[in-house]
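Below is one structure, written out as structure tokens; the observations come after it.
These numbers come from the heavy atoms of this one structure, side chains and all, not from hydrogens, waters or symmetry mates. Chain naming here is simple, since letters A, B, ... match the order of the sequence lines and numbering starts at 1 in each.
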Amino acid sequence: MPELPEVEVVRRGLERWVSGRTVAAVEVLHPRAVRRHESGPRDFADRLLGRRLAVPRRRGKYLWLPIEETGTPRGAGSPTLSLLAHLGMSGQLLIQPAGTPDERHLRVRISFTDEGPGELRFVDQRTFGGLSLHPCLPGEADGLPDVMAHIARDPLDPAFDEDAFPTALRSRRTTVKRALLDQTLISGVGNIYADEALWLARLHYERPTATLTRPRVSELLAGVREVMAAALQAGGTSFDSLYVNVNGESGYFERSLNAYGRAGLPCRRCAATMRRDPWMNRSSYWCPGCQRPPRARPAVTRRPGTGIRSA
DNA sequence: CTTTTCACCTGAACGC
DNA sequence: TGCGTTCAGGTGAAAA
């Protein structure tokens, strides 16, 4: 289940093995893998052919390779087209020597004009992920695809707005975990690292965002960064065997997880028995000892002219 | 406009 | 053994 750290590991792999290479052939083995490319698989392949891929970029869980302009000096101007990749639940980008037997769930193969280390393969069992080509937002030097305009900056982005985040989170009328998973508010956080960050910040996932003070939100953000930094340090982590990094090596990190997957086990901080709650067709893992559930409050109604009163 | 729900997908694990 | 059910969960369209 790739979240930001895993995607960053893949980005680094692509930077090393794919940057600067020219596309020689594109084979789409499953049309669903390029469904976000609206002009279809044929157009996807045609547009990539003969183009050179620039240094990959990332925002949250999205990864893209700007297409270098042809006929202009390298580095001149901003890119106008980018190859966007999202790994979804089970996507992998693999570098494989030509001739390596196809993976069972191989969806797209991109080969290059040079000898190089091999071809780029997009493998995805559940086909939630995919590849697509998009125009870039004008003026974006990084070639940000236009379809990503609504994706917030992630907490490892130097341009992430520290001051605006607590205000924005507190103004959402929802609960704190929902807010963490809202990619238009903060990107890159998925179910696993959300639970980890909440555990670090001693916050229950159902805490209404409006009840958090700005300092508490900042602590939570620090928790998000801490768990992401640790995962990145460990080489991008996911214990789901479906996740493999760009070179095909699995990343494993479960020993470092304090909340996710630990139902029935003692909390590493207070020794209380960890719990798993069904939550939005998913799971939330939490410690009843140090992440106190919010007290059930009476419903609050707003009436024009009378301010806020309890029902 | 904001917030919530649900379809999309496959395969491992599990219960009977 | 085999069959049906549950679970995993990011995204965005649709609904509320």
(Q) Against the six-membered ring of A/Trp199, is A/Arg269 placed for a cation-pi contact (under 6.0 Å from the centre, within 45° of the normal)? (A) yes
Q. A/Arg173 has a side chain; which of C/dA8, C/dT11, B/dT3 sits nearest to it?
A. B/dT3
Q: Take the protein atom CZ of A/Arg276 and the nucleotide atom P of C/dC7, then report the distance between them rounded to whole Å.
A: 6 Å
Q.
Nearest 0.5 Å, please: how far is OG in A/Ser218 from CG in A/Leu169?
A. 10.0 Å
Q: Indicate yes or no for a side-chain donor-acceptor contact from A/Ser82 to the backbone of A/Gly143 under 3.5 Å, with no hydrogens or angles considered.
A: yes
Q: Ignoring hydrogens and angles, tell me if any N or O in the side chain of A/Asp195 forms a donor-acceptor pair with the backbone of A/Tyr285 under 3.5 Å.
A: yes
Q.
Closest approach to the side chain of A/Arg172, judged atom by atom: which nucleotide of B/dT3, C/dG10, C/dA8 is it?
A. B/dT3
Q. Between B/dT3, B/dG11, C/dA8, which nucleotide has the shortest distance from any of its atoms to the side chain of A/Gln125?
A. B/dG11
**Q.** Euclidean distance, atom CZ of residue A/Arg35 to atom C1' of C/dG10 [Å, nearest integer]
**A.** 10 Å
Q | Distance below 4.0 Å between A/Ser283 side-chain N/O and C/dC7 OP1 or OP2 | A | no
Q | By side-chain hydrogen bond (donor to acceptor under 3.5 Å, both in side chains) - contacts of A/Arg153 (at least two apart) | A | A/Asp157
Q.
Categorize A/Arg104 for me: base, sugar-phosphate, or nothing, with a 4.0 angstrom heavy-atom threshold over every strand shown.
A. sugar-phosphate
Q. Please give, in whole Å, the distance from C/dG10 C1' to A/Leu87 CG?
A. 11 Å
Q. Of all residues at least two apart in sequence or in a different chain, which pass the side-chain hydrogen bond (donor to acceptor under 3.5 Å, both in side chains) check with A/Asn191?
A. A/Lys177
(Q) Using side-chain heavy atoms (C-beta onward) and a distance below 4.5 Å, is A/Arg121 in contact with A/Asp102? (A) yes
**Q.** side-chain hydrogen bond (donor to acceptor under 3.5 Å, both in side chains) partners of A/Thr167, counting only residues at least two apart
**A.** A/Arg214
Q.
So, OP1 or OP2 of B/dC8: does either fall under 4.0 Å of a side-chain N or O from A/Arg32?
A. no
Q: Run through A/Val18, A/Ile110, A/Leu87 and flag the one making a side-chain contact (heavy atoms from CB on, under 4.5 Å) with A/Leu93.
A: A/Leu87
Q. Between C/dT6 and A/Arg282, is there an OP1 or OP2 to side-chain N/O distance shorter than 4.0 Å?
A. no
Q) A/Glu68 and A/Leu53: side chain to side chain contact (heavy atoms under 4.5 Å, CB included), yes or no, with the steps? A) CA-CA 6 Å; A/Glu68 284 188 5; A/Leu53 304 177; over 6 Å; no
Identify the pairs formed between an N or O of the protein and an N or O of nucleotides 13-15 of chain B at a distance under 3.5 Å, and give each distance.
none

Q. Given side chains that start at C-beta, do those of A/Val123 and A/Arg107 come closer than 4.5 Å, heavy atoms only?
A. no
Q.
Just the rounded figure in Å: distance from P of B/dT10 to CE of A/Met89.
A. 14 Å
**Q.** Position toward the 5' end of DNA chain B (nearest nucleotide), A/Arg178 or A/His105
**A.** A/Arg178
Q) Can you hop from A/Leu81 to A/Met148 via hydrophobic side chains spaced under 4.5 Å? A) no
Q) Would one find a side-chain N or O of A/Thr127 under 4.0 angstrom from OP1 or OP2 of B/dC8? A) no
Q: Let me know the distance between CD of A/Glu3 and P of C/dA8, rounded to the nearest Å.
A: 14 Å
(Q) Whole angstroms only, please: what is the CG-C1' distance between A/Asn191 and C/dT11? (A) 14 Å
(Q) Does this structure show an ion pair linking A/Glu219 with A/Arg216, if we count only N-O contacts that are shorter than 4.0 Å? (A) yes
Q.
Please report the distance, rounded to the nearest Å, between CH2 in A/Trp279 and C1' in C/dC7.
A. 16 Å
**Q.** Degree of bending in the helix from B/dT2-C/dA16 to B/dC16-C/dG2 once both end axes are built from five pairs, to 10°
**A.** 50°
Q) What's the closest nucleotide to the A/Met280 side chain, out of B/dT10, B/dT5, B/dT4? A) B/dT5
Contacts under 3.5 Å, N or O only, protein and nucleotides 12-16 of chain C:
unit_1 : atom_1 : unit_2   : atom_2 : d
C/dG12 : OP1    : A/Tyr62  : OH     : 3.1
C/dG12 : OP2    : A/His150 : NE2    : 3.3

Q | Closest listed nucleotide, where the reference is the side chain of A/Gln183 and the choices are C/dA8, C/dT11, B/dT10 | A | C/dT11
Q. Quick one: A/Leu185 CG to C/dT11 P, roughly how many Å, whole number?
A. 14 Å
